[in-house]
2 protein chains.
Amino acid sequence: MGQNGAGVNLETSLGYLLKEASNALRVAMEEVLRPLGMSVTHYSCLELLAQRPGLSNSELARGAFVTRQSMNVLLQALERDGYVTRPAEAPIGKALPARLTPRGRRSLEKATAAVRAVELRMLAGMTETQQSDASRLLKSMIDSLHSSDEAT
Amino acid sequence: MGQNGAGVNLETSLGYLLKEASNALRVAMEEVLRPLGMSVTHYSCLELLAQRPGLSNSELARGAFVTRQSMNVLLQALERDGYVTRPAEAPIGKALPARLTPRGRRSLEKATAAVRAVELRMLAGMTETQQSDASRLLKSMIDSLHSSDEAT
DNA sequence: CAATCTATGTCAGAATACTGACATGGGTCA
DNA sequence: TGACCCATGTCAGTATTCTGACATAGATTG
């Protein structure tokens, strides 16, 4: 049915290809994170905190591409389970800087290794030049998409 | 807080960049589809049917990167509202070939134009050569990620 | 031919993310 | 200074998607 493989227009669409690649990456990440009892958003939050300690809930949300409400639910769970700590009062404004606990750092280790392996697998067959080409092209697309949002 | 812009490692990760680009595209599509009362999955389903009439529920699900259960919910709503038709009985197997109604085709028109405009905006600033480069690189990543799934 | 395997459609419940709303802290500016 | 605007944290309800499960149709295989 639907003679699959007969690309009509979707195969030539960079937008569709982008979604396909992103989906393949997400599926691959879920696959390796599931045995560790971790979702992609869960991992993203921990990785962000490892690389930029003190990020606030809203900043983590933007970094993980979810709403701050969703991230808040996750952060509260992570705090309750001892992976993350936040001060009771904000040092400035209302933003509460979050930090990984030793336990959080420990739980992140295996996940980071697993995700790095996935990324390496994705990059297999690409030269360093091609990788930086891809990086530049993706950044161009991101910039173009963002530029007209501001023009409100 | 978190001195944004100080890329530590995420900015150099192609995986993160891929997710960022895909997210920017999704947000931009939601923006133009919302006035039309259409979600991205909703649009994807209609566009797939326009380009490949007769696709089954499961095939549409794979094409839109959701589960067949999710697509089934959507398809039932689309059928109820007269955008899509499916035969009462499967001509072969259990797969029910879906087709757009004239109403479905009509509702897709504006959406297609809007989405095409978004994609053109995304591609602004890229030469044709760069676009085919991007296409090739994305396909390489997709292939690499899929290849080891089969090795189960 | 019978058993097994794979793919499909569908129902039900759980998990996840989102929209809406409110109060608060801080910066802007007239 | 006071009014306004923006960002943040958080609560509540809604929506969407996913996981689990079951029955069925066709293909495969012994």
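Convention: sequence-line order gives letters A, B, ...; per-chain numbering from 1. Worth knowing before you read on, the calculation uses all heavy atoms, side chains too, and leaves out hydrogens, waters and symmetry mates.
- Side chain of A/Ala95, nearest nucleotide from D/dG26, D/dG9, D/dT10: D/dG9.
- For residues 109-118 of chain A, the set of pairs meeting the side-chain hydrogen bond (donor to acceptor under 3.5 Å, both in side chains) definition, not counting sequence neighbours, comprises A/Glu47-A/Thr112.
- Separating the CD atom of B/Glu89 from the P atom of C/dG9 is a distance of 15 Å, rounded to the nearest angstrom.
- Regarding contacts with the backbone of C/dT10, a side-chain N or O of B/Asn72 is found under 4.0 angstrom from either OP1 or OP2.
- Side-chain atoms of B/Gln76 do not come within 3.5 Å of backbone N or O of B/Val73 as any donor-acceptor pair.
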Less than 3.5 Å apart, which donor and acceptor atoms pair up between the side chains of residues 77-91 of chain A and the rest of the protein, not counting sequence neighbours?
{"unit_1": "A/Glu79", "atom_1": "OE1", "unit_2": "A/Arg86", "atom_2": "NE", "d": "3.4"}
{"unit_1": "A/Glu79", "atom_1": "OE1", "unit_2": "A/Arg86", "atom_2": "NH2", "d": "3.3"}
{"unit_1": "A/Glu79", "atom_1": "OE2", "unit_2": "A/Arg86", "atom_2": "N", "d": "3.4"}

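- With sequence neighbours excluded, no residue satisfies ring-ring contact (aromatic ring centres under 6.0 Å, His included) with A/Tyr43.
- Summary of helix geometry: the two end axes of the helix from C/dC1-D/dG30 to C/dA30-D/dT1, each defined by five base pairs via their C1' atoms, are inclined to each other by 40° (rounded to 10°).
- The nearest whole Å value for the distance from the CG atom in B/Leu96 to the P atom in D/dG26 is 12 Å.
- The closest side-chain donor-acceptor pair between B/Ser135 and B/Ser132, if any, does not fall under 3.5 angstrom.
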Protein-nucleotides 16-19 of chain D N/O pairs under 3.5 Å:
{"unit_1": "D/dT17", "atom_1": "OP1", "unit_2": "B/Thr41", "atom_2": "OG1", "d": "3.0"}
{"unit_1": "D/dC18", "atom_1": "OP2", "unit_2": "B/Thr67", "atom_2": "N", "d": "2.9"}
{"unit_1": "D/dC18", "atom_1": "OP2", "unit_2": "B/Thr67", "atom_2": "OG1", "d": "3.2"}
{"unit_1": "D/dC18", "atom_1": "OP2", "unit_2": "B/Ser70", "atom_2": "OG", "d": "2.8"}

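- For the atom pair A/Ser44 OG and A/Leu33 CG, the distance stands at 8.5 Å (nearest 0.5 Å).
- Judged purely by atom type and a 3.5 angstrom limit, A/Glu59 uses its side chain to pair as donor or acceptor with the backbone of A/Ser56.
- Side-chain contact between A/Arg62 and A/Arg68 is absent, with no heavy atoms from C-beta onward closer than 4.5 Å.
- Judged by closest nucleotide on DNA chain C, B/Asn57 is the one of A/Lys94 and B/Asn57 placed further toward the 5' end.
- Separation of atoms SG (B/Cys45) and CG (B/Leu74) is listed at 5.0 Å; rounding is to 0.5 Å.
- Contacts between residues 75-86 of chain B and DNA chain C, defined by a heavy-atom separation under 4.0 Å, are made by B/Gln76, B/Arg86.
- For B/Leu60 and C/dG9, the CG to C1' distance is 13 Å, given to the nearest whole Å.
- Checking A/Ser13 against B/Glu119 by side-chain atom types alone, a donor-acceptor pair falls below 3.5 Å.
- Taking atom CZ on B/Arg62 and atom C1' on C/dT6, their separation rounds to 12 Å, with Å as the unit.
- For the pair A/Ser144 (side chain) and B/Leu123 (backbone), a donor-acceptor distance under 3.5 Å is absent.
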